[in-house]
Amino acid sequence: MAGLNVSIAFLFLVVGVCQALRQLSKRLLSPGTYGCLARELAGSLELCTSCLELRMLVEIGPWGGGFGPDVALTLLFLLFVVHGASFDGASANPTVSLQEFLLFESNLAATAAKLLAQGAGTGMGWAVTKLYWSWELTHFHLIQNLIASECSSSIHTSLHHAAFVEGTCSFLFHLVLLKLRRSHQMYWVPVLAATVTFLTYTARPFTGAFFNPALATVATFHCSGNSFWDYVQVYWLGPLAGMLAALLLYQGNIPRLFKKNLLYSQKSKYKIPKARVAAHMEHDEPRRKRKGEKSSSEPHA
């Protein structure tokens with residue numbers, strides 16, 4: 001259990017450092033620069049290091065530490081609760097940033113800046129985690145360094161099925177996110193954390209359950225077993241298609257691309273009771289008759 005305690009301490013250290021980075025950036029940078037760059041970079045760094053360490057525990061823990069996947073899943077849920085409470089609005093996920101762009105919640109320049117920051121943050125997270133593993137503070141990290149050179153693909157099913165699994169995970173994740181985005185943080189944080197934990201538990205045997213293109217790129221693209229195009233189809237195009245499907249189902253359209261609602265009819269916000277409409281018509285009927293009689297009694301030239 002000593003190795004597990006070291007990993008937990010590392011995870012909380014990363015959260016603390018990233019939180020300090022957010023607070024410092026908020027004081028030094030303008031709100032726009034902080035929201036598009038610093039906030040996303042810190043969130044992506046925190047998410048990447050946490051997920052890589054948890055992935056290592058899931059793979060090595062059962063036979064190297066004597067604990068089951070339930071420990072890692074519990075840590076995953078708690079970490080996403082912490083992430084949701086501390087990210088300060090950052091998504092650390094390219095498909096979420098693209099969703100905000102399609103909903104007119106972000107312009108093209110801000111979206112491009114967020115994507116660059118997310119790529120830089122995940123790259124930094126991968127480098128920091130590799131450096132931390134190289135110190136071999138626990139036997140988990142020693143084993144991880146021994147097997148790192150023989151990294152294998154996380155795709156353990158057919159390519160089309162893998163893309164479908166990642167797309168389905170992204171679809172459900174974005175659907176929950178769209179439903180809860182206007183809710184209070186106290187409600188959406190645990191629900192979103194539980195959703196991520198459930199999807200990870202269900203889809204991990206097939207694809208690793210990333211449904212985050214930036215995270216999947218640094219975690220598995222360098223592994224042997226599949227080509228770069230295979231990884232693009234599964235971990236980029238799959239989540240992107242899932243996000244578009246969730247947005248279309250929730251909105252009925254994709255506002256940035258087309259405004260016509262394809263799924264839901266546009267009804268008036270204010271409804272007039274039928275009884276009131278009937279009474280109004282009956283009240284106006286005698287008035288129309290009097291006007292008709294008056295017009296007929298007037299002399300014609």
Side-chain angles (χ1 to χ4, degrees), residues 7 11 44-65 67-77 79-80 83 91-96 118-119 121-123 125-126 129-130 133 140-141 143-145 147-174 176 192-243:
S7 293
L11 295 174
S44 299
L45 171 63
E46 181 179 332
L47 180 66
C48 181
T49 51
S50 302
C51 289
L52 288 176
E53 184 71 5
L54 282 177
R55 189 165 180 250
M56 182 271 300
L57 291 176
V58 170
E59 293 177 351
I60 302 176
W63 56 273
F67 56 85
D70 56 323
V71 175
L73 289 173
T74 302
L75 288 175
L76 178 65
F77 172 78
L79 273 174
F80 266 88
H83 291 339
S91 65
N93 189 331
T95 57
V96 177
Q118 289 163 2
T122 51
W126 181 82
T129 307
K130 285 288 185 180
W133 287 346
F140 293 140
H141 302 144
I143 298 172
Q144 175 64 32
N145 289 333
I147 66 176
S149 59
E150 300 179 359
C151 172
S152 59
S153 172
S154 297
I155 301 175
H156 302 299
T157 184
S158 66
L159 200 62
H160 296 297
H161 185 226
F164 175 77
V165 169
E166 285 291 309
T168 302
C169 289
S170 178
F171 170 78
L172 295 174
F173 171 76
H174 281 275
V176 173
L192 202 62
T195 302
V196 171
T197 304
F198 170 75
L199 294 175
T200 302
Y201 173 76
T202 305
R204 185 187 169 276
F206 304 105
T207 62
F210 292 102
F211 49 96
N212 183 326
L215 183 60
T217 300
V218 300
T220 194
F221 270 44
H222 63 282
C223 296
S224 60
N226 288 94
S227 66
F228 177 78
W229 176 239
D230 291 342
Y231 287 130
V232 168
Q233 291 181 72
V234 174
Y235 295 114
W236 289 4
L237 299 183
L240 180 61
M243 179 271 291

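For the pair Leu57 and Val71, the minimum side-chain heavy-atom distance is 4.5 Å or more. Considering only heavy atoms from C-beta on, Leu172 comes within 4.5 Å of Thr168 through its side chain. By the 4.5 Å heavy-atom criterion applied to side chains, Phe210 and Arg55 are counted as neighbours. Side-chain contact check for Trp133 versus Glu53: some heavy-atom pair is nearer than 4.5 Å.
We find the CD-OG distance between Gln118 and Ser44 to be 5.0 Å, quoted to the nearest 0.5 Å. Separation of atoms OH (Tyr235) and OG1 (Thr207) is listed at 5.0 Å; rounding is to 0.5 Å. Of the inter-residue distances, the one linking Cys51 atom SG with Leu79 atom CG reads 8.0 Å to the nearest 0.5 angstrom. How far CG of Leu159 is from CG of Asp230: 4.5 Å, rounded to the nearest 0.5 Å. Note that CE of Met56 and NE2 of His141 are 3.5 Å apart. Values are rounded to the nearest 0.5 Å. Remark: Asn145 CG to Phe140 CZ distance equals 13.5 Å, nearest 0.5 Å.
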Expected list for residues 214-226: side-chain donor-acceptor pairs under 3.5 angstrom, two or more places apart:
from: Thr217; atom 1: OG1; to: Pro213; atom 2: O; distance (Å): 2.6
from: Thr217; atom 1: OG1; to: Trp236; atom 2: NE1; distance (Å): 3.0
from: Thr220; atom 1: OG1; to: Ser154; atom 2: OG; distance (Å): 3.4
from: Ser224; atom 1: OG; to: Cys151; atom 2: O; distance (Å): 3.2
from: Asn226; atom 1: OD1; to: Ser153; atom 2: OG; distance (Å): 2.7

Distance-only donor-acceptor pairs under 3.5 Å for side chains of residues 197-204, two or more places apart:
from: Thr197; atom 1: OG1; to: Ala193; atom 2: O; distance (Å): 2.8
from: Thr200; atom 1: OG1; to: Val196; atom 2: O; distance (Å): 2.7
from: Thr202; atom 1: OG1; to: Phe198; atom 2: O; distance (Å): 2.8

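Residue-environment remark: CH2 (Trp126) stays at or below the threshold of 12 foreign heavy atoms within 6.0 Å. Atom NE2 of His156 has more than 12 heavy atoms from other residues, nucleotides or ligands within 6.0 Å.
For Thr74, the side-chain contact (heavy atoms from CB on, under 4.5 Å) partners two or more places apart in sequence, or in a different chain, are Leu78. Residues passing the side-chain hydrogen bond (donor to acceptor under 3.5 Å, both in side chains) test with Thr95 are Asn93, His174, sequence neighbours excluded. For Glu46, the salt bridge (charged side-chain N to carboxylate O under 4.0 Å, His left out) partners are Arg22, not counting sequence neighbours. Partners of Asn212 by side-chain hydrogen bond (donor to acceptor under 3.5 Å, both in side chains), not counting sequence neighbours: none found. Listed by chain and number, the residues in a side-chain hydrogen bond (donor to acceptor under 3.5 Å, both in side chains) with His161 are Thr157 (sequence neighbours excluded). Take Gln144 and apply the side-chain hydrogen bond (donor to acceptor under 3.5 Å, both in side chains) test, not counting sequence neighbours, and it matches no residue.
In terms of heavy-atom proximity, His83 sits nearest to Leu47 at CD2-CD1, 4.0 Å. Annotation for Ser170 and Met243: closest pair OG-N, 3.5 Å, computed over non-hydrogen atoms. Considering every non-hydrogen atom in both Ala72 and Val58, the closest pair reads CB-CG2, 3.2 Å.
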